[in-house]
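First up is the structure itself, then whatever we jot down about it.
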Amino acid sequence: MNSAIRNPHSALRNPMSRFLAIVIWLIAIITIGFIAWSKWWLPEGISAHSGWIDGQLRFTFIVIGIGFFLTQALLGYAIWRYRRVGNDNAVFSRGNSRLEVIWTVVIAIVFIVLAITGQRVWAKLQLNQSPPDAVQIEVTGQQFAWNFRYPGQDGRFGQTDPGLYNDADNSLGARPGPLGIDPRDPAGKDDIVTGSLVIPVNRPINLTLRAKDVTHDFFVPALRLKYDAVPGMKINIHFTALKEGRYEIACAELCGQLHHQMRAILEVKSQVDYEEWLRTKIPKI
Ligand SMILES: [Cu+2]
């Protein structure tokens, strides 16, 4: 007697196969419907480049959604069409080289197109310098807070020294404070350090990302910005916010036990309100 017939796992039995195929089709349809009509999307994009990122994300979701639907539909079809009927045995197959070449090439083309379009968005965003009149702000991540430093009226950041870090004194204007601003450097005297990021609307902003201890990730969903802050590196990113309001800043890198508390607020203000806010923050030393 053929062992394939006796083996209960050699093929699925008739009613279960049809049921399984229908379940697979339903899962595919429900998943795609859920994503297509879901309200769970990023918050409204408020930066000048939001449209590029959202367009690329949508394009990726559509391409992957079509691929997912086709493969699940074929999987269900194969289970239904080739279910065990009567005593028929499994058939040995040597495969189909032509089919394998076709789907390998199709998948390669899909990935290359996604990579090229994504690269173009990235290049438009990052492979250029921020305009010379951009507002300069330094962002420093530490376990478990974000620090924002403005250069003050002289337009220059004071020197910092990791040996001077003083987390115990983070009051406004504290020197050296949590960022280790060297009190001997006159450029640092008027530096402003805050716990929330306040910027003017419709002006280019250049952020210099730094980290004091471990790798953090500066994530502002409303700006469509997400970059690592890496110890020992200064990473420059730039953007323009187009809408006033308050938005969430999160750390998107699991950076320690209290990572979930590492959040801050981005406030986008009018130019007048921004300047007024800056005036109130000038350290009185
Ligand atoms: Cu973090």
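When a ligand or atom number is given, it counts from 1 through the structure's own listing order. If you read the sequence from its start, that first residue is 1, and numbering goes on from there.
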Discussion item. Please find the pair of heavy atoms, one from Arg156 and one from Asp191, that lie closest to each other, and give the distance.
Written reply: O-OD1, 3.2 Å
Worksheet item: Which protein N, O or S atoms does the Cu ion (ligand 1) have within a distance shorter than 2.8 Å?
Response: His216 ND1, Cys251 SG, Cys255 SG, Met262 SD
Practice prompt. For residues Trp146 and Phe219, establish whether the separation of their ring centroids is below 6.0 Å.
Written response: no
Worksheet, complete the sentence: Cluster membership besides Trp103, Ile/Leu/Val/Met/Phe/Trp/Tyr side chains within less than 4.5 angstrom, sorted by chain and number, is Leu99
Discussion item. Run the side-chain contact (heavy atoms from CB on, under 4.5 Å) test against Arg81 and tell me which residues pass, sequence neighbours left out.
Written reply: Tyr77
Discussion item. Within this structure, what is the CZ-CG distance for the pair Phe148 and Leu207, rounded to the nearest 0.5 Å?
Written reply: 8.5 Å
Worksheet item: Phe111: which other cluster members, linking ILVMFWY side chains closer than 4.5 Å, directly or transitively?
Response: Ile107
